[in-house]
Amino acid sequence: MIRDEVVALVEQALAAAQAAGALPEFAAPAITAEHPARPEHGDFSSNVALRIQGMARMKALEVAEALRAHVPAHPAIEKVTVAVPGFVNFYLAPAWAASQADAIASAGQAYPALDLGGGRSVQIEYVSANPTGPVHVGNGRGAAIGSTLANVMTAAGYRVQQEYYINDAGTQVGIFGRTLYARYEQLHGREAAVPENGYPGQYMIDVAQKIKDRFGDQHLRAPGEDADPAFGRLGIDIMIEGIRDDLALVGVEYDEWYSERSLMAHGGPYDTVMAILKNQGQVVERDGATWFTSSDLGESKDNVLVRSDGAPTYYATDIAYHYDKFITRKFDRVVDIWGADHQGHVSRVKAGVQATGADPEALDVLLYQLVTLRRGDLVVPLSKRAGEIVTLRDVIEEVGRDATRFFFLLTGANQTMDFDLDLAKKQSDENPVYYVQYAHARIASVIAKAAAEGHTSAGADTALLTHEAEQTLLRKLLLLPEVLEKAVLELAPHHLTHYAQELAGAFHSFYTQCRVIQADQPALTKSRLRLLEATQAVLARTLGLMGITAPEQM
RNA sequence: GCGCUCGUAGCUCAGGGGAUAGAGCGCUGCCCUGCGGAGGCAGAGGCCGGAGGUUCGAAUCCUCCCGGGCGCACCA
């Protein structure tokens with residue numbers, strides 16, 4: 001990308017200045033280039049002179065001047081200037097910027113070519129909501145972040161595997177099964193009470209009804225008897241079908257649905273991990289339970305692996321799960337995306353990862369702050385145990401998939417978020433996603449109209465794109481690689497929504513200032529059509545990365 | 001109490017060592033005799049929670065304080 005070429009120019013200038021004796025020899029810090037806030041300061045700016053003035057024992061302005069004098073010529077750079085207090089500023093050549101419209105338009109959805117992953121594998125695990133209830137709004141945020149991150153890392157040269165971890169073992173599943181059986185009995189006319197701490201939602205009755213539809217009274221036991229232990233699993237399977245469908249509605253598709261229960265197979269990951277920890281002397285029996293002496297690894301306390309009733313904790317199975325990710329399946333990197341209420345779990349899991357022989361640095365846990373759902377001033381409780389459950393499906397049906405995803409991606413993961421359903425509904429026409437999509441549709445419309453009048457971009461001379469609005473738009477197009485890189489390095493997909501709005505804004509501004517189709521100016525028409533093609537490609541690419549449609553018309 | 005995180009325009013949020021701090025919504029005023037007005041242009045609106053410190057330079061880094069959120073289970 002062009003920014004890295006500017007960085008290289010600065011590095012070369014530094015070496016050349018030192019070789020020429022204009023600057024003393026010293027080891028320079030890593031060179032960076034940034035975008036000045038004000039256009040008169042150029043397109044890129046380097047602050048090296050300010051940073052090395054001490055090492056060079058020269059005034060920053062003198063250092064900057066020495067660098068400027070040694071910057072090699074480059075077709076993309078029109079001029080290089082020095083500005084107080086010691087910046088070296090780079091100005092893009094308008095003709096070069098314009099020529100990139102050709103490059104971008106012909107690359108299409110292959111733009112930008114960015115390789116940060118180098119083919120390394122990364123697993124992204126997200127949502128992984130308990131299958132004891134439907135996917136709710138908070139999970140939707142994880143879904144939007146996770147699937148967008150998957151798209152973005154794929155675009156950056158990683159081999160991405162997307163996974164959903166199914167919590168189909170443990171105490172909650174048992175309670176789920178007992179609740180379900182009570183509902184099943186009720187549907188067969190029996191008096192049966194939903195257990196205390198059970199799941200009161202209407203959806204449990206629906207699931208029981210589905211089982212009744214499929215199997216009749218086949219799973220009914222004698223009155224007073226408990227259900228077959230496998231009964232709950234029928235319900236879990238039905239829940240998972242629903243979860244899969246709901247997530248598909250927001251454009252989420254997994255490569256793997258991984259069962260927690262499968263970890264427990266004889267000789268499986270769970271047994272292996274317990275043996276490893278035991279062999280390393282990191283396991284101790286205390287108060288009838290089995291503990292991991294994680295405080296020896298710097299944790300604030302030890303943690304229970306096996307409860308006194310013999311059941312493994314989810315922490316123990318999570319260590320086994322990560323052992324399977326890193327050691328068995330050999331992912332180079334793993335990104336777990338969790339709600340911020342799991343924050344206390346992060347360092348524990350990393351300790352477990354380390355203890356079982358993997359590199360905790362290869363694990364990134366991306367926490368997103370919880371979503372508060374509102375209807376106007378009323379806070380709607382999200383708890384699966386509460387009466388009203390606002391599901392992700394409800395939200396999508398109210399505001400649409402594109403707006404839902406865009407909204408979730410609008411704020412950084414560390415920011416708490418209010419999702420006001422009334423507002424989202426009422427303002428759906430003013431949602432920023434439409435601003436971006438409108439730009440795409442508008443371009444499609446102009447290109448179609450041009451074609452109908454016999455204009456195409458064939459043989460366009462991009463050197464004609466000299467208007468200020470055209471140049472501004474071109475610079476936005478050139479920004480996508482940097483945005484993509486930032487999203488990957490920071491695991492922060494929200495940069496895409498902001499970029500998309502900036503790009504759409506630059507287009508709309510261009511559109512009102514520069515008429516594209518002009519019968520008496522066929523050459524200019526061609527070059528502007530080429531610019532439109534490039535813009536449309538970048539808009540479609542950006543929307544595509546976010547899992548949002550790029551409509552031809554609205 | 002301890003840990004993580006957040007505090008930026010009236011509201012929702014970007015920016016996370018650089019030059020005069022940005023966007024959207026809302027508010028004021030303009031722009032359709034030419035491609036889609038779901039648009040554009042201009043304006044008002046800020047001691048970047050507070051106080052110290054580091055630095056040539058701090059909204060950004062460090063310390064303390066204030067205020068919100070979330071954790072600190074033999075739940076997940």
Side-chain angles (χ1 to χ4, degrees), chain A residues 32 34 36-38 40-41 45-47 49-51 53-54 59-60 83-87 89 128-130 132 167 169-173 175 197 260 286-291 300-301 303-315 317-318 338-347 367 369-370 372 407 410-418 420 423 427-439 441-450 452-453 455 469 490 494-495 497-499 501-502 504-505 507-519 525 528 532 553-554:
Chain A
T32 57
E34 59 194 71
R38 307 187 65 78
E40 57 266 33
H41 293 137
S45 175
S46 170
N47 63 358
L50 291 155
R51 307 220 338 235
Q53 55 182 320
K59 288 182 177 166
V84 288
F87 293 105
N89 293 332
S128 300
N130 276 342
T132 53
N167 298 110
T171 50
Q172 293 305 316
V173 174
I175 296 169
N197 302 326
E260 176 186 358
R286 196 187 302 152
D287 305 327
T290 304
W291 296 71
S300 56
K301 58 186 188 58
N303 293 99
V304 173
L305 295 173
V306 185
R307 299 189 304 227
S308 51
D309 65 2
T313 61
Y314 104 116
Y315 176 50
T317 55
D318 244 15
W338 300 342
D341 55 340
H342 290 68
Q343 168 262 126
H345 194 51
V346 175
S347 67
L367 299 175
Q369 297 295 322
L370 301 187
T372 305
F407 190 93
L410 214 37
T411 69
N414 276 336
Q415 193 70 235
T416 54
M417 172 185 247
D418 276 7
D420 186 335
L423 200 67
Q427 294 197 335
S428 64
D429 281 359
E430 296 164 24
N431 191 301
V433 69
Y434 295 101
Y435 179 77
V436 178
Q437 290 181 315
Y438 179 61
R442 212 176 194 187
I443 291 170
S445 164
V446 175
I447 291 175
K449 182 179 164 69
E453 295 175 11
H455 300 285
E490 296 177 3
H494 73 276
H495 293 304
T497 54
H498 293 273
Y499 171 70
Q501 292 178 90
E502 278 180 35
F507 162 72
H508 287 307
S509 181
F510 154 79
Y511 180 84
T512 50
Q513 292 179 68
C514 301
R515 186 174 168 80
V516 175
I517 303 169
Q518 300 184 69
T525 299
R528 286 184 172 166
L532 286 194
Q553 52 186 303
M554 300 169 65

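It should be emphasised that the depicted structure is a prediction, and the values quoted were computed from it without experimental measurement.
- The partner of C30(B), taking Watson-Crick or G-U wobble pairs whose two distances both stay under 3.5 Å, is G40(B).
- Remark: the separation of the P atoms in G15(B) and U8(B) is 14 Å, to the nearest Å.
- With no hydrogens or angles considered, a side-chain donor-acceptor pair links H495(A) and E490(A) at under 3.5 Å.
- Considering only heavy atoms from C-beta on, I517(A) comes within 4.5 Å of H455(A) through its side chain.
- At least one side-chain nitrogen or oxygen of H495(A) sits closer than 4.0 Å to the OP1 or OP2 atom of G15(B).
- Across G45(B) and G24(B), the matching C1' atoms stand 15 Å from one another, rounded to whole Å.
- Of the candidates G71(B), G39(B), A76(B), G71(B) carries the atom nearest the Q343(A) side chain, counting heavy atoms from C-beta on.
- Among the protein residues, D287(A) comes within range of the nucleic acid bases, having at least one heavy atom under 4.0 Å from a base atom.
- As the counterpart of C47(B), no nucleotide is assigned, since no Watson-Crick or G-U wobble pattern has both distances under 3.5 Å.
- Separation of the C1' atoms belonging to U5(B) and A9(B) is 24 Å when rounded to the nearest angstrom.
- Nucleotides C25(B) and C41(B) have their P atoms positioned 12 Å apart, rounded to a whole Å.
- Pair assignment for U20(B): none, as no Watson-Crick or G-U wobble contacts are both less than 3.5 Å.
- A59(B) and G49(B): their C1' atoms are spaced 12 Å apart (whole Å).
- In this pair, H41(A) lays its aromatic ring flat on the base of A19(B), centres within 5.5 Å and planes under 30 degrees apart.
- Checking the phosphate oxygens (OP1, OP2) of U5(B), no side-chain nitrogen or oxygen of N414(A) falls inside 4.0 Å.
- Between the P atom of G69(B) and the CG atom of L370(A) lies a distance of 12 Å, rounded to the nearest Å.
- Here T512(A) does not reach the OP1 or OP2 of G40(B): none of its side-chain N or O atoms lies under 4.0 Å away.
- For the OP1/OP2 pair of G15(B) and a distance below 4.0 Å, the side-chain nitrogens and oxygens of H494(A) include at least one atom meeting the criterion.
- Judged by Watson-Crick or G-U wobble contacts below 3.5 Å, the nucleotide G52(B) has C62(B) as its partner.
- Classification of the H345(A)-H342(A) ring pair by plane angle, with boundaries at 30° and 60°, yields perpendicular.
- With a cut-off of 3.5 Å on both pairing distances, the Watson-Crick or G-U wobble partner of G71(B) is C2(B).
- A439(A) comes within 4.0 angstrom of no nucleic acid atom, judged by non-hydrogen atoms across all strands.
- To the nearest 0.5 angstrom, Y511(A) atom OH is 12.5 Å from R528(A) atom CZ.
- Within the 4.0 angstrom heavy-atom criterion, base atoms lie near R51(A).
- Distance, H345(A) NE2 to G3(B) C1': 16 Å, rounded to whole Å.
- Atom NE2 of residue H498(A) and atom CG of residue L410(A) lie 5.0 Å apart, to the nearest 0.5 angstrom.
- Enclosure of atom CD in Q553(A) is not indicated, since only 12 or fewer non-hydrogen atoms of other residues, nucleotides or ligands lie within 6.0 angstrom.
- Using a 4.0 Å heavy-atom distance criterion, Y435(A) is classed as a sugar-phosphate-only contact.
- The distance from atom NE2 of H498(A) to atom P of A14(B) is 6 Å, rounded to the nearest whole Å.
- Atom CG of L50(A) is separated from atom P of G57(B) by 11 Å (rounded to the nearest Å).
- Base orientation at C66(B) is anti, since its O4'-C1' glycosidic dihedral falls outside 90° of 0.
- Taking atom CG of residue N47(A) and atom P of nucleotide G17(B), one finds them 12 Å apart after rounding to whole Å.
- Side-chain atoms of P432(A) and T497(A), non-hydrogen and from C-beta on, never get closer than 4.5 Å to each other.
- For the P atoms, the distance from C48(B) to A58(B) is 13 Å, rounded to whole Å.
- Taking 4.5 Å as the limit, some side-chain heavy atom of F507(A) sits within range of a side-chain heavy atom of L532(A).
- Base pairing annotation: C35(B) forms no Watson-Crick or G-U wobble pair, as no partner gives both donor-acceptor distances under 3.5 Å.
- A289(A) comes within 4.0 angstrom of a nucleotide base, judged by non-hydrogen atoms across all strands.
- The phosphate of A14(B) (OP1 or OP2) has a side-chain N or O of Q415(A) nearer than 4.0 angstrom.
- Note on S308(A): a base of the nucleic acid sits closer than 4.0 angstrom, heavy atoms only.
- One can place OH of Y315(A) at 14 Å from C1' of C72(B), the figure rounded to the nearest angstrom.
- Comparing the P positions of C30(B) and G34(B) gives an interatomic distance of 22 Å, to the nearest angstrom.
- Not one side-chain nitrogen or oxygen of S300(A) sits closer than 4.0 Å to the OP1 or OP2 atom of C2(B).
- Nucleic acid contact for Q553(A): base, since at least one base atom lies under 4.0 Å from a heavy atom of the residue.
- When the P atom is used for both G18(B) and C75(B), the distance is 47 Å, rounded to whole Å.
- Across the protein-nucleic acid pair, I443(A) atom CD1 and C35(B) atom P stand 16 Å apart, rounded to whole Å.
- Atom CZ in R515(A) sits roughly 4 Å away from atom C1' in G34(B) (whole-Å rounding).
- Phosphate contact (OP1/OP2 of C75(B), side-chain N/O of R307(A), threshold under 4.0 Å): present.
- Between Y511(A) and G34(B) there is no side-chain polar atom (N or O) within less than 4.0 angstrom of OP1 or OP2.
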